[in-house]
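Naming: A, B, ... by sequence-line order, numbering from 1 per chain.
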Protein chains: 4
Amino acid sequence: MSPRTSDQWDKIRREKRQVILDTALALFAQRGYHETSISLIAKEAGISKGLIYNYFESKDSLLNEILSLGLDALIKDLEMEGNESLTKEKLVRYIDITFLKLQENPKFYQLFFSLIIQPRVLSIFQDKFFTQIIPLLSLLEKYYKAKGNKNSKAKAYLFMAILDGVGVDFIANRENFPLEEVKKLVIEMFT
Amino acid sequence: MSPRTSDQWDKIRREKRQVILDTALALFAQRGYHETSISLIAKEAGISKGLIYNYFESKDSLLNEILSLGLDALIKDLEMEGNESLTKEKLVRYIDITFLKLQENPKFYQLFFSLIIQPRVLSIFQDKFFTQIIPLLSLLEKYYKAKGNKNSKAKAYLFMAILDGVGVDFIANRENFPLEEVKKLVIEMFT
Amino acid sequence: MSPRTSDQWDKIRREKRQVILDTALALFAQRGYHETSISLIAKEAGISKGLIYNYFESKDSLLNEILSLGLDALIKDLEMEGNESLTKEKLVRYIDITFLKLQENPKFYQLFFSLIIQPRVLSIFQDKFFTQIIPLLSLLEKYYKAKGNKNSKAKAYLFMAILDGVGVDFIANRENFPLEEVKKLVIEMFT
Amino acid sequence: MSPRTSDQWDKIRREKRQVILDTALALFAQRGYHETSISLIAKEAGISKGLIYNYFESKDSLLNEILSLGLDALIKDLEMEGNESLTKEKLVRYIDITFLKLQENPKFYQLFFSLIIQPRVLSIFQDKFFTQIIPLLSLLEKYYKAKGNKNSKAKAYLFMAILDGVGVDFIANRENFPLEEVKKLVIEMFT
DNA sequence: GATGAATGAGTCTTCATTCAT
DNA sequence: TATGAATGAAGACTCATTCAT
């Protein structure tokens, strides 16, 4: 009878928003962005088309939000106390977490990789990506240099490429890819 | 105005077909599959929309053909006398060619990578892909085993992942990626 | 926290209703009817969307109400003791008020003129409009006939047309239109 | 069997384009711009929705084209050898044609007036309007000054306002408006 | 073979309106 | 009374595909 409190509205909004995000992520990853219509997302989420626009400005911004949140979470997990130099221990942990995340949330990575290569990548995506990747590359370079590697820059780039390559190949061929063994090998060869 | 022979007609058909394929590849790579309309392909190729349907059943089959032909060419270049065992020399050559191709035709790889991850495409693609990749993985595994690597299977997969990862990263960040140095490092670490 | 009397409730209702009407009029005039959403009216009025439907049946009926009230006010201002015959003095006053209103509230007139021409609105509107205009035309006709005008009916219609035309042109080109001078001329030529 | 010649295509295009323009004008005038959907235009024109977009970029540009063509035609008919000064004869002719056009094509005028007042007038419209109206006002002013009118500027503006006012009123009340008589009166009072 | 007009299903998006609280 | 989430019908627009010539 009495109108809902602000808190109640907030909760409803947050929850519904999350439902939409989850549904959209699953579908985008599974079928690709273009092959996923707003109608389908609505149907899968059990809501009306219009409601999606109550929570997101456009299909595009829905994607942006998914990527942004996903990247933030990813980054947060992988954070290694920025400025300090890298230790072997930290690097091993970084690799561990990366492989774990990949295994836990392949859908997100599938979406992630499919978009990172698209000719017109979303700007938010590229920004966030580079502001995180560049410092990491720099840390890695120092690390390898300290270990006596001649071409430490190349090794840093190669290391990052490996993480991406493993991601792509694991997604493309999840049944056969020996993720655990490969992880061990990466740790062995790159730390 | 003498009537053309059957052979001449054939030649004309083959050439026009090739024009369409080339134009479509360039546009798909440049703009993405969905952002490229049949109209645009026709305009760029200097022909009418309708004519494309004279040569290809659908937009989809046009893409399939492009991928199929591209993959064939790629495989052909990289072929290393199938059954025989792998030598260090051969592997180095394989790496060389892979990096060279990547550098020569990044647009082409961009299309490939962007599509390889798409679920829909994967299925079309996987057959051909795996019939080529699996034997290669097997060769690599033997090679590494012969070299005394404990986990030769993982190393074979890792090697393939590296090639993909380098492709993805090089495409995503062509200005900064130290392709030549990375290649040297790959040769050093994986042959 | 004493319970409000019925009168107080009534007052609150009337005031809120007026807020909605005022806000809607301002927005309709400023942006046009179709470009103004109920959401926007609610936001500008500082209330919720739903509440508007507590006071008005539909967007359409809200517009109708605005027009109806506006027209009533307009008529009231311009009223010249109905039945009696028209004098030069009264006609001058009528012109004065018309031009004054136009100057004071051009937005309001903009809405009026823009809607008066719309076929859909015309029908809603015509009844009220014509029951007011026809008598006025008749008074004017008598006035001009008494002054010896040959074609008094045409002159009456022309006079009304002038008021509309001045309204339209003044609204369309407010910076340049010499309203005051034109008024003098109208008085000179039509009284 | 053989493909159509360029001329044939041209004819088809021109004719179909005209059908769309005519249908759209009738509907826009009858129901208003916003109340007329592209679907309806297509249905009335006996073609598919999509085809309209083969001929016009958007609903907006369709309207623009209608107005642009209509104004051009209007202007052409009303043209009075620009630079020269105005004579009584020319002015009478101008009034004659204006009233005639109004009678012949009330639909266009209805659309015209309904749009000229809209808050957001189309730019093309305003441009054309002012480049035609300003010079005419200037000619009129000279004409009235030459005739000894004290306030020739106001009279010029008033004259233009009358034409608009007559247009609006005639459209709003076509059955009763004594167009012919009013025309005579305008000629009498303003030439 | 070649053309491009024509189709129509499908897409994203808007917004008046309803309704549970 | 007041709220704003939720609905769903409708709108503009796109584009792969067809077909008469």
Chemist: Between atom NZ in B/Lys43 and atom P in F/dC15, what is the gap in whole Å?
Modeler: 12 Å
Chemist: Looking at E/dA2, I'd like to know if its phosphate oxygens (OP1 or OP2) sit under 4.0 Å from a side-chain N or O belonging to B/Tyr55.
Modeler: yes
Chemist: So, A/Tyr55 side chain and A/Leu62 main chain: donor-acceptor pair closer than 3.5 Å or not?
Modeler: no
Chemist: Can you tell me how far P of F/dG4 sits from NZ of A/Lys16, to the nearest Å?
Modeler: 17 Å
Chemist: Report yes if a side-chain nitrogen or oxygen of B/Lys49 is closer than 4.0 Å to either non-bridging phosphate oxygen (OP1 or OP2) of E/dT3; otherwise report no.
Modeler: no
Chemist: Would you say B/Lys49 and B/Lys43 make side-chain contact, with heavy atoms under 4.5 Å?
Modeler: no
Chemist: Identify the nucleotide, in any strand shown, that forms a Watson-Crick or G-U wobble pair with F/dT14, with both distances under 3.5 Å; if there is none, say none.
Modeler: E/dA9
Chemist: Indicate, with a heavy-atom threshold strictly under 4.0 Å, whether D/Ile47 touches base, sugar-phosphate, or nothing.
Modeler: sugar-phosphate
Chemist: Which is true for D/Ser37 with a 4.0 Å heavy-atom rule: it touches a base, it touches only sugar-phosphate, or it touches nothing?
Modeler: sugar-phosphate
Chemist: Taking for each residue the nucleotide of DNA chain E bearing the nearest heavy atom, is the 5' side occupied by B/Gly50 or by A/Glu57?
Modeler: B/Gly50
Chemist: Need to verify one output field. Residue with the more 5' nearest nucleotide on DNA chain E, C/Ser39 or B/Gly46?
Modeler: B/Gly46
Chemist: Specify the residue among A/Leu51 and D/Tyr33 whose closest nucleotide of DNA chain F lies further upstream toward the 5′ end.
Modeler: A/Leu51
Chemist: Pick out which of C/Leu27, C/Ile47, C/Leu25 makes a side-chain contact (heavy atoms from CB on, under 4.5 Å) with C/Ile41.
Modeler: C/Leu27
Chemist: Would you say A/Lys59 places a side-chain N or O within less than 4.0 Å of OP1 or OP2 belonging to E/dC12?
Modeler: yes
Chemist: Once you round it to whole Å, what is the distance between C1' of F/dT1 and CD1 of C/Ile52?
Modeler: 15 Å
Chemist: Side chains of A/Gln18 and A/Leu21: closer than 4.5 Å at any heavy-atom pair?
Modeler: yes
Chemist: Rounded off to whole Å, could you give me the CD-to-P distance for the B/Glu35 and F/dC15 pair?
Modeler: 9 Å
Chemist: Please give, in whole Å, the distance from E/dT21 C1' to A/Asp7 CG?
Modeler: 15 Å
Chemist: Side chains of B/Asn64 and B/Glu57: does their closest heavy-atom pair fall under 4.5 Å?
Modeler: no
Chemist: Taking the side chain of D/Trp9 as its heavy atoms from C-beta onward, which of F/dA2, E/dG4, E/dA2 lies nearest to it?
Modeler: E/dG4
Chemist: For a quick check of understanding: with a heavy-atom distance under 4.0 Å over all strands, which category does B/Ser61 fall into, base, sugar-phosphate or nothing?
Modeler: nothing
Chemist: Check the distance between E/dT14's P and D/His34's NE2 and give it to me in whole angstrom.
Modeler: 14 Å
Chemist: Nearest whole Å is fine: how far is E/dA6 C1' from D/Ile20 CD1?
Modeler: 11 Å
Chemist: Within the side chain of A/Lys59, is there an N or O that forms a donor-acceptor pair under 3.5 Å with the backbone of A/Tyr33?
Modeler: yes
Chemist: Write down the distance between CG (A/Asp10) and C1' (F/dA5), rounded to a whole number of angstrom.
Modeler: 13 Å
Chemist: How is D/Ser6 classified with respect to the nucleic acid when contacts are heavy atoms under 4.0 Å: base, sugar-phosphate, or nothing?
Modeler: nothing
Chemist: F/dA5 phosphate, OP1 or OP2: any side-chain N/O from A/Asn54 under 4.0 angstrom?
Modeler: yes
Chemist: Scan every strand shown for a Watson-Crick or G-U wobble partner of F/dT21, both distances under 3.5 Å, and answer none if you come up empty.
Modeler: E/dA2
Chemist: Does B/Arg13 place a side-chain N or O at less than 4.0 Å from the phosphate oxygens OP1/OP2 of E/dG1?
Modeler: yes
Chemist: Any side-chain N or O of A/Tyr53 under 4.0 Å from OP1/OP2 of E/dT13?
Modeler: yes
